[in-house]
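Reviewing the structure listed below.
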Amino acid sequence: MSESHPLYQRIYALVRQIPPGKVATYGQIARLVGGCTPRMVGYAMAAVPNGSDVPWQRVINSRGGISPRANPFGELAQRALLEAEGIRFDENGRADLETCAWLGPDLI
DNA sequence: AGATTGACTGCAT
DNA sequence: CATGCAGCCAATC
(Lines give C-alpha, C1' and ligand atoms only; values in the text may rest on other atoms or scores of the structure.)
Protein backbone atom coordinates (compact mmCIF):
# COMPACT_ATOMS: atom_id res chain seq x y z
CA MET A 1 0.00 0.00 0.00
CA SER A 2 1.48 3.22 -1.16
CA GLU A 3 4.95 1.74 -1.14
CA SER A 4 5.99 4.06 -3.91
CA HIS A 5 5.00 7.10 -1.84
CA PRO A 6 7.78 9.01 -0.08
CA LEU A 7 7.94 8.53 3.64
CA TYR A 8 6.70 12.05 4.24
CA GLN A 9 3.68 11.46 2.01
CA ARG A 10 2.82 8.40 4.01
CA ILE A 11 3.05 10.30 7.26
CA TYR A 12 0.95 13.12 5.86
CA ALA A 13 -1.64 10.68 4.56
CA LEU A 14 -1.96 9.15 8.00
CA VAL A 15 -2.16 12.46 9.84
CA ARG A 16 -4.78 13.59 7.33
CA GLN A 17 -6.96 10.68 8.48
CA ILE A 18 -7.09 11.87 12.08
CA PRO A 19 -10.70 12.98 12.65
CA PRO A 20 -11.49 16.32 14.30
CA GLY A 21 -11.54 16.21 18.09
CA LYS A 22 -8.98 13.42 18.15
CA VAL A 23 -5.23 13.48 18.67
CA ALA A 24 -2.39 11.05 18.02
CA THR A 25 1.16 10.84 19.34
CA TYR A 26 4.38 10.98 17.32
CA GLY A 27 5.17 7.45 18.39
CA GLN A 28 1.77 6.22 17.30
CA ILE A 29 2.06 7.77 13.85
CA ALA A 30 5.57 6.37 13.51
CA ARG A 31 4.29 2.93 14.46
CA LEU A 32 1.36 3.07 12.07
CA VAL A 33 3.52 4.27 9.21
CA GLY A 34 6.15 1.69 10.02
CA GLY A 35 9.84 1.94 9.25
CA CYS A 36 10.00 5.42 10.67
CA THR A 37 10.72 6.90 14.07
CA PRO A 38 8.93 9.52 16.17
CA ARG A 39 11.67 11.98 15.32
CA MET A 40 10.93 11.61 11.65
CA VAL A 41 7.28 12.30 12.34
CA GLY A 42 8.19 15.47 14.19
CA TYR A 43 10.54 16.44 11.39
CA ALA A 44 7.84 15.76 8.83
CA MET A 45 5.37 17.91 10.78
CA ALA A 46 7.88 20.71 10.86
CA ALA A 47 8.23 20.38 7.11
CA VAL A 48 4.49 20.72 6.47
CA PRO A 49 3.97 23.87 4.39
CA ASN A 50 1.64 26.50 5.79
CA GLY A 51 -1.83 26.16 4.29
CA SER A 52 -1.54 22.42 3.84
CA ASP A 53 -4.54 20.19 4.52
CA VAL A 54 -2.50 18.18 7.00
CA PRO A 55 -3.86 18.65 10.54
CA TRP A 56 -0.37 18.69 12.04
CA GLN A 57 -1.79 20.21 15.22
CA ARG A 58 -3.43 16.88 16.06
CA VAL A 59 -0.05 15.27 16.50
CA ILE A 60 1.29 15.64 20.04
CA ASN A 61 3.84 13.92 22.24
CA SER A 62 3.36 10.78 24.32
CA ARG A 63 2.41 12.79 27.37
CA GLY A 64 -0.55 14.30 25.57
CA GLY A 65 1.17 17.66 25.55
CA ILE A 66 2.61 19.96 22.95
CA SER A 67 6.34 19.68 22.48
CA PRO A 68 8.41 22.86 22.67
CA ARG A 69 9.87 23.96 19.37
CA ALA A 70 11.97 26.82 18.06
CA ASN A 71 9.02 29.17 17.64
CA PRO A 72 6.84 29.49 20.79
CA PHE A 73 4.02 30.90 18.69
CA GLY A 74 3.43 27.56 17.03
CA GLU A 75 2.94 25.86 20.35
CA LEU A 76 0.29 28.33 21.41
CA ALA A 77 -1.35 28.15 17.99
CA GLN A 78 -1.46 24.38 18.18
CA ARG A 79 -3.12 24.43 21.57
CA ALA A 80 -5.65 27.02 20.37
CA LEU A 81 -6.49 24.90 17.32
CA LEU A 82 -6.98 21.79 19.42
CA GLU A 83 -9.14 23.61 21.94
CA ALA A 84 -11.22 24.88 19.03
CA GLU A 85 -11.78 21.25 18.04
CA GLY A 86 -12.96 20.32 21.50
CA ILE A 87 -9.73 19.05 23.01
CA ARG A 88 -9.48 20.05 26.65
CA PHE A 89 -6.18 20.86 28.31
CA ASP A 90 -5.67 20.50 32.04
CA GLU A 91 -3.57 22.76 34.25
CA ASN A 92 -0.57 20.67 33.36
CA GLY A 93 -1.02 21.61 29.71
CA ARG A 94 -1.92 18.07 28.74
CA ALA A 95 -4.78 16.88 26.56
CA ASP A 96 -7.05 14.11 27.77
CA LEU A 97 -5.64 11.14 25.89
CA GLU A 98 -8.16 8.87 27.58
CA THR A 99 -10.93 10.62 25.70
CA CYS A 100 -9.32 12.16 22.65
CA ALA A 101 -6.74 9.57 21.64
CA TRP A 102 -7.05 8.50 18.02
CA LEU A 103 -7.42 4.74 17.78
CA GLY A 104 -6.31 4.25 14.19
CA PRO A 105 -7.03 4.95 10.52
CA ASP A 106 -9.84 2.43 10.17
CA LEU A 107 -11.14 2.10 13.69
CA ILE A 108 -13.49 5.01 13.37
C1' DA B 1 31.94 12.17 3.31
C1' DG B 2 31.64 12.93 8.39
C1' DA B 3 29.52 15.35 12.26
C1' DT B 4 25.48 17.61 14.37
C1' DT B 5 20.73 18.32 15.34
C1' DG B 6 15.79 17.62 15.65
C1' DA B 7 7.90 19.22 17.09
C1' DC B 8 10.30 11.77 20.16
C1' DT B 9 10.18 7.65 23.23
C1' DG B 10 11.33 4.40 26.79
C1' DC B 11 14.11 2.72 30.40
C1' DA B 12 17.62 3.36 33.87
C1' DT B 13 19.69 6.01 37.66
C1' DC C 1 9.77 13.52 39.96
C1' DA C 2 14.41 15.17 37.48
C1' DT C 3 18.23 13.81 34.76
C1' DG C 4 20.78 10.77 31.50
C1' DC C 5 21.49 7.60 27.75
C1' DA C 6 20.50 4.90 23.60
C1' DG C 7 17.87 4.21 19.20
C1' DC C 8 16.12 5.80 14.92
C1' DC C 9 16.48 8.38 10.12
C1' DA C 10 16.62 12.60 7.38
C1' DA C 11 18.18 17.23 6.61
C1' DT C 12 21.75 20.61 7.14
C1' DC C 13 26.57 22.38 7.78
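Order of the sequence lines sets the chain letters (A, B, ...), proteins ahead of strands, with each chain counted from 1.
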Do any N or O atoms from the side chain of Asn92(A) and from the backbone of Arg94(A) form a donor-acceptor pair under 3.5 angstrom? no

dG4(C) versus dT5(B) - spacing of their P atoms, nearest Å: 16 Å

Would you say Leu7(A) and Trp56(A) are hydrophobically clustered, going by side-chain heavy atoms of ILVMFWY under 4.5 Å? yes

All N/O pairs under 3.5 Å across the protein-nucleotides 2-8 of chain C interface:
from, atom 1, to, atom 2, distance (Å)
dG7(C), O6, Arg39(A), NH1, 3.3

What is the separation between atom CG on Asn61(A) and atom P on dA7(B), rounded to the nearest whole Å? 12 Å

Separation of dC9(C) P from Ile29(A) CD1 (nearest whole Å): 18 Å

Do Glu85(A) and Arg58(A) make a side-chain contact, defined as non-hydrogen atoms from C-beta onward lying under 4.5 Å apart? yes

Atom-to-atom span, CH2 of Trp56(A) to P of dG6(B) - whole angstrom: 19 Å

Let me see the working for Glu83(A) and Arg79(A) under salt bridge (Lys or Arg N to Asp or Glu O under 4.0 Å), right down to the final yes or no. CA-CA 6 Å; Glu83(A) 285 186 310; Arg79(A) 175 174 169 164; 3.6 Å; yes

Using a 6.0 Å cut-off, check whether atom CZ of Arg88(A) has over 12 heavy atoms from anything other than its own residue. no

Using the 3.5 Å cut-off, write out each protein N or O paired with an N or O of nucleotides 10-13 of chain C and the distance between them.
from, atom 1, to, atom 2, distance (Å)
dA11(C), O4', Tyr43(A), OH, 3.1

Please walk me through it: do Ile87(A) and Leu81(A) pass side-chain contact (heavy atoms from CB on, under 4.5 Å)? CA-CA 9 Å; Ile87(A) 308 293; Leu81(A) 284 166; over 6 Å; no

Expressed in angstrom and rounded to an integer, what is the separation of Asn50(A) atom CG from dA7(B) atom C1'? 15 Å

Going by the side-chain contact (heavy atoms from CB on, under 4.5 Å) test, name the single residue among Ile18(A), Val54(A), Ile66(A) that passes it with Val59(A). Ile18(A)

Contact class for Gln78(A) (heavy atom, under 4.0 Å): base, sugar-phosphate, or nothing? base

Verify same cluster id: Tyr26(A), Leu97(A) (apolar side-chain graph, 4.5 Å): no

